[in-house]
K.L.:
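One structure, as structure tokens, below. Some questions next.
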There are 2 protein chains.
Amino acid sequence: MTGEPLRARGTTSPARLRQAFEGEAVRAGRGVRRTLAAAVREAVRGGRLAPGTRLPSSRRLAAELGLARNTVADAYGDLVAEGWLTARRGSGTLVADRPDRPDRADRAADTRPIVSRPADGPSRAPRHDLIPGNPDLSAFPRTAWLAATRRALAAAPDDALGYGDPRGRPELRAALADHLARARGVYVSPEHVLICAGVSHGLRIVSRVLTGRGARSVAVESYRLDRQYGLLEAAGLKTLPLPLDTHGTDPVPPVGTDAVLLTPAHQFPAGTALRRDRRTAVVDWAGRTGGLVLEDDHDGEFRFGHRSVGALQALAPDRVVYLGTAGQTLAPGLRLAWMALPPALAEEAVAAKGRIDSSEVVSQLTMAEFIASGAYSRHVRAVRRRYRDRRDSLVTALARHAPQVRALGTAGGMHTVLGLPPGTEQLVVESATRQGLRVAGLSRYRHERAPNGMTDALVVGYGAPSDAQWPQALSALMRILS
Amino acid sequence: MTGEPLRARGTTSPARLRQAFEGEAVRAGRGVRRTLAAAVREAVRGGRLAPGTRLPSSRRLAAELGLARNTVADAYGDLVAEGWLTARRGSGTLVADRPDRPDRADRAADTRPIVSRPADGPSRAPRHDLIPGNPDLSAFPRTAWLAATRRALAAAPDDALGYGDPRGRPELRAALADHLARARGVYVSPEHVLICAGVSHGLRIVSRVLTGRGARSVAVESYRLDRQYGLLEAAGLKTLPLPLDTHGTDPVPPVGTDAVLLTPAHQFPAGTALRRDRRTAVVDWAGRTGGLVLEDDHDGEFRFGHRSVGALQALAPDRVVYLGTAGQTLAPGLRLAWMALPPALAEEAVAAKGRIDSSEVVSQLTMAEFIASGAYSRHVRAVRRRYRDRRDSLVTALARHAPQVRALGTAGGMHTVLGLPPGTEQLVVESATRQGLRVAGLSRYRHERAPNGMTDALVVGYGAPSDAQWPQALSALMRILS
């Protein structure tokens, strides 16, 4: 869920950087490289250099300051490594987004330019991230994960550290087959589980299998994670948006479609579950036509009510590719996701994955141990409670502060859709941004050829803030909506 | 360094498996699925089912045994997950290679079919692996690695666990830039370090950059890791083998070549270092023509003598892509490798890598900590000593038991080339295989269009055996050669 690179927004002059540099004393033993780096760092931290500002080339700044070009390039390099600056092809060196938290620059890139700067002043970095798809990283169970790593490293045979099975470690595939059966009703044997580096990686693999079999088109939901359309199209598959009606997506693809990509348990972004008769209908379609159903179950474990929605895959294990991930339940940085494959596709998928694209093995062994010990189920329950509490407080706050706003898709997941008066979506997004709140408008998830559209709305992810930040983020959101 | 899939070698009959099944008592509480799995496992372990043997389809065996088809399929699935069997598209279910060590099935696939079965008896799984390119996995510093993980997880900001910088974690890039400067003389700033999942992954990325710039050909060494030729060709680049003379590879490519891939520090497999005048010559070529040098330094840290051979990259950081890996110094399963990129190529390489192909983050943070704490340098020194001792014992043993055999390329790395009388290479490889010794003939690394050839020889990797196994492996090798 990284995204567009930061766009350049204005340029600073060498003279202005000279000011900053000269204001910064060359301390004993520090040298000019570190002094220059400190000057730029302070200018960014203090807001004098706003995110997106383009810096002069190292050659130009070196000439202005009378330094060797390498010294300037090195200082820039230090700041890039620290996350204060980014270097992009064709854009030169820019001040990074959210320089106070180095890694956010890339994560934040998920959305459009983040900060709309008021014309009359410096920009403010957003204080709260309500972009959907980002889990609460402060909930990552570091201690339990480390303990599982310890046990996994103690138990693993030497050979586990070598060039691995391209499907992934057998321990992990066995643990997942068992877990998925219990938690999601998925019907798969370990030999048909394929470990991949994320849901997108999984979709790329399936795309290759499909094109390898001569497929040309995949039906997709009219509203969908925007990145996934591009991924399928890049693989040479035409994406055909499915119509929406009052019951959600009609999932049966038009004649001649080779596959359909769905989020049956919790539609992204609408938040609805695929209706029972439509689950049956799409599986019937697959059986009748030989088509393939791609089931993206990325947040299927986060269902708040008593009635969980099991995986579609169980209805037709021979026709459904099931995709799940630890990116939402644990952390995206683990790059751990999995597919349950129809047996007839398994070997083609392994070949498409390629033999050396295997995932890092210690995290695989750790995850296997984490699941087998019960720690994973405990963790999922804990974060589910956390997200349910946030959903509850959001619904309560809306009732009090913005009773006119309708919340959709509140039965699970880590986001909800908040309906807005027609024509106001863009204004509300911009207003939120000015208040330091990153939110996404519903329209950004709409397929460009979608046959019909939904109302104006915000898609509010409540996953990313920590427990400590959430009350503030919620208050800020209420100020926008009330 | 995985390779060709296991090839089917013969088929077993349902009747024979019925024998095995009926010989295995159905114990209370075990059920038929586990009983069947145990019967097959025992038949494999006991040598009655040789590696490569094709099993009957689950449908056919179920009919023979009077079991439900799913029961048989499940038993097969269990055995695949355990590594006793493999399932390959178009080949059905086969007995895996080296079933005594589940993961070896895939790793072993690096070479041709491993066991030449004598016509008159069952095959024996190889006891010792002397295929080059496999490090001693028993040397992996599990305790120190776990300690580094603990420190890394304690120190990492929450955001480190999110969607990462596609170049890799800044901590790791900074640690590597520093380490590579000290250990290999590489001149690179952290912003131009790109983390990748292996040297092959790095080469795929560079191939995409090259083809994106319109490149069509890459000069390669006449003897080379065979997989790399295929990788470049698959990316749409023609590989042009460079001539060999008595001083090694003449590295200056023919007119019109866009790039050259070399192993300057320690030629694979010949083991020589690129001569000084030739280092200069190839860098001059790059500067003159705008060509690119790809420096594969995968075992550059394993130089035994006092004089280390620094990276070619330092001669022309703007024209050389440097590739290094933790796969040889630590373990392939970490999927951690790195490139030092010419600044002008850095952004194209990041784009070619793709945004979601980032590596697992905990291992990146651990590696950064491992390097920064000095543990990595200590570890490299320790394994270098270990491999040097093996090289020494190999040279000593040759002098005593096979004085007619000349050892080449003994100054570093994890392998050496042993010259053989003309026309005997294939026989020696087969004889070794029969004795349970996996070795590679030099000819398998030869480019099919190589202008000239080297003598018959064995390429003996002494990395893979553990310290405990090495004396036995060495004795077995001496029996073959003496």
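Protein chains get the first letters and strands the later ones, always in sequence-line order, with residue 1 at the start of each.
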K.L.:
Among A:Pro343, A:Ser363, A:Ser466, which has the most heavy-atom pairs under 4.5 Å with chain B?
P.N.:
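Most pairs with chain B among the choices: A:Ser363.
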K.L.:
What part of A:Ala156 is in contact with chain B, defined as an atom under 4.5 angstrom from a non-hydrogen atom: side chain, backbone, both or neither?
P.N.:
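Contact with chain B: backbone and side chain both.
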K.L.:
Under 4.5 Å heavy-atom distance to chain B, tell me which part of A:Ala177 shows up: side chain, backbone, both or neither.
P.N.:
neither
K.L.:
Please name the pair of heavy atoms, one in A:Gly162 and one in B:Pro332, separated by the smallest distance, quoted to 0.1 Å.
P.N.:
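Result for this residue pair: C-CB, 4.0 Å.
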K.L.:
Could you check whether any side-chain N or O of B:Arg173 sits under 3.5 Å from a backbone N or O of B:Pro190, counting only pairs where one atom can act as donor and the other as acceptor?
P.N.:
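A pair under 3.5 Å: yes.
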K.L.:
Any sub-3.5 Å donor-acceptor pair from B:Glu369's side-chain atoms to B:Thr149's backbone N or O?
P.N.:
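The answer is no, because no donor-acceptor pair under 3.5 Å joins these two groups.
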K.L.:
Taking every non-hydrogen pair under 4.5 Å, which of B:Gly198, B:Ala154, B:Ser138 racks up the most with chain A?
P.N.:
B:Ser138
K.L.:
Is a donor on one side and an acceptor on the other found under 3.5 Å between the side chain of B:Gln364 and the backbone of B:Leu172?
P.N.:
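Not confirmed, B:Gln364 side chain does not pair with B:Leu172 backbone.
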